[in-house]
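All ligand and atom numbering here is 1-based and tracks the order in the structure.
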Amino acid sequence: MPDTAAARTTRLLIDGELVAGNREPIRILDPADESVFAWSASASLEQLSDAVSAAERAFPAWRNTPVSRRRRTLREIAALLREHEEELAVLLTREQGKRLTESRGEIDRSAWWFDHMAEIDVPWDEVVEEDDERTVRVRRVPMGVVAALAPWNFPVTLAMWKVAPALLTGNTVVLKPSPYTPVATLRIAELVCGVLPAGVLNVVTGEHDLGAALTSDPRVARIVFTGSTATGSAVMRSAAATMASVTLELGGNDAAVVLPDVDIDVVAEKVFLACFTNNAQYCLASKRVYVHASIYDEFAEQFVRVAERVRVGSGLDPDVDLGPVANRDQYIRVRGLIEAATHRGLSFHLRGAIPEGQGFYIHPHVVDDPPEADPVVAEESFGPIVPLLRFHDDDEVIERVNASAYGLGGSVWGADQERAERVAQRIDSGIVWVNETQRLSPAFPLGGHRMSGLGSENGLDGVLQYTNVQVISIGRNT
Ligand code: NAD
């Protein structure tokens, strides 16, 4: 495995200071060629505790900082992200593998989130009763220290979705990125520490044990977690002991439903992207594609034609459509899924190449109408293997779609918009797109149903989850 002499080293942000980690640094591989691209600072449990203490100390002053000033800080962070977009995008592609244009999009979207959150109209203080006897006000007050935990698939966006509303509402933050993808986030920490008072934002990276320690710390008032459903359950168990408020954004097994009246060429391409964007490592990726039986064969042919055109390679190469799988563990897991599917005797429309050599490359795999109970349908694969499934009528497909334990997203495709919308409304998940997919915005909430999560992020709903309700009832007859 080649080692890069110039590999960068990162530092933690604790109490306004950029400091080295007290544990052995973690080697971060570039998934495009397996070279050592960076050494990530690895915090000890004591350093994590120091970060929580710093956030606790910073809280009283930050909560009392005028909202106008907090809004200005959010805009300053947005400007810094835009100013350093190219540098951050390259770091993100090198640690995660995604295409450079996608990385630029991720940084740009994060800046958009900060700008939008800076404008959000929060009902900080509302009078709900007023008469001769009394005035009753409902106030929204910050909670305290927020623990924010991010996964490796969209490491920057999903971290910033948490930091922006937490800071707006007067909370302080300890952010813990995934150990696979800490580099761009730590660079952001370096950039923004100059515009934030010490301790308001702390960024601590290291091994997975930090996550468990952070989410069980009784000084943490709120936990906002994005990651797998299994880890989400562990987070919820930790929170049971401390009564921290919890928002969980977890796994998904989204269905795309393709009705018989679609323009097959156009929709096959769009659904392909819905499945394989970010190399299918996307909570909101279409992971099961239900196609009406009357167009199944033609749709499958077109879907495969699109898949065969796709160029797979380093995310830094502008001619590439799909980068490598994000890390070695994920690569081994997805290869295992593909091998197991082959051993179970599933039939494939397309078996993509898995080239030998450096880099975690897996070309798209498309499975032909496997049984509903097969793991490639029933479980979240989170890699470039997707099943196409035949259905015959709307009631049947809705029943199959809703049989999943997950309920994160989904999409319905059909020329008859009303029929497509009727189907969409019957899908039990937090977001369903009709004739488009994966469009998210800071203006509306995203939250999973059932095993896909608890609570929501974004929009006013998401922002309010960073506040406690306080009622002040003032009597006049004393
Ligand atoms: P993961 O659950 O392994 O890790 C997520 C984060 O939790 C990481 O920072 C990790 O270090 C930390 N962690 C690990 N063990 C912990 C513990 N015991 N307590 C607290 N924190 C702990 O998830 P991942 O593999 O990084 O991400 C992929 C998963 O995330 C997929 O299931 C995907 O669907 C899901 N995801 C969901 C959304 C959404 O919005 N619903 C978005 C992106 C990803």
Side-chain angles (χ1 to χ4, degrees), residues 26 40 42-43 45 48 95-96 98 106 109 113 147-162 174-182 185-186 203-217 220 223-242 244 246-254 277-287 325-334 337 379-383 404-410 429-431 438 440 444-458 462:
I26 299 175
S40 168
S42 184
L45 293 175
L48 175 72
E95 67 180 329
Q96 204 278 345
K98 65 181 68 189
E106 189 164 340
R109 274 195 305 281
W113 246 253
L149 297 103
W152 51 260
N153 60 341
F154 290 91
V156 173
T157 304
L158 293 173
M160 298 305 128
W161 279 16
K162 298 163 180 48
V174 178
L175 168 64
K176 197 205 81 61
S178 164
Y180 295 111
T181 51
T185 310
L186 283 169
V203 185
V204 178
T205 57
E207 301 293 348
H208 284 307
D209 66 339
L210 293 181
L214 180 57
T215 54
S216 56
D217 190 314
V220 167
I223 302 166
V224 198
F225 169 88
T226 303
S228 62
T229 296
T231 313
S233 294
V235 168
M236 210 165 156
R237 282 194 294 278
S238 298
T242 64
V246 182
T247 293
L248 302 172
E249 298 287 356
L250 307 178
N253 193 6
D254 293 5
T277 292
N278 208 35
N279 234 336
Q281 303 161 124
Y282 190 0
C283 54
L284 289 162
S286 299
K287 294 170 185 145
V325 167
N327 56 65
R328 184 190 298 283
D329 292 342
Q330 179 68 2
Y331 175 72
I332 292 168
R333 198 185 70 78
V334 176
L337 282 180
E379 290 169 18
E380 179 185 40
S381 51
F382 222 63
S404 168
Y406 294 107
L408 189 58
S429 56
I431 186 163
Q438 294 165 347
L440 298 172
F444 55 77
L446 173 70
H449 296 186
R450 296 174 286 141
M451 297 299 272
S452 288
L454 194 69
S456 56
E457 293 192 277
N458 309 330

_Quick one: does any side-chain atom of Lys287 pair with a main-chain N or O of Tyr282 as donor and acceptor, under 3.5 Å?_
yes
*In terms of the angle between their ring planes, are His208 and Tyr180 parallel, tilted or perpendicular, with boundaries placed at 30° and 60°?*
perpendicular
*If you look only at pairs with a residue in residues 149-161, which of them pass as a salt bridge (charged side-chain N to carboxylate O under 4.0 Å, His left out), with sequence neighbours excluded?*
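Pairs touching residues 149-161 that pass the test: none.
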*Would you list the pairs meeting salt bridge (charged side-chain N to carboxylate O under 4.0 Å, His left out) in which at least one residue belongs to residues 224-242, sequence neighbours left out?*
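Sorted pair list comes back empty.
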*ligand 1: protein residues within heavy-atom distance under 4.0 Å*: Leu149, Ala150, Pro151, Trp152, Asn153, Leu158, Lys176, Pro177, Ser178, Pro179, His208, Gly211, Ala212, Thr215, Phe225, Thr226, Gly227, Ser228, Thr231, Val235, Glu249, Leu250, Gly251, Gly252, Cys283, Glu380, Phe382, Leu408
_For Tyr406, all residues meeting ring-ring contact (aromatic ring centres under 6.0 Å, His included), sequence neighbours excluded_ =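 Tyr406 satisfies ring-ring contact (aromatic ring centres under 6.0 Å, His included) with no residue once adjacent residues are dropped.
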_What's the separation between atom CD in Glu380 and atom CE in Met451, rounded to the nearest 0.5 Å?_
11.5 Å
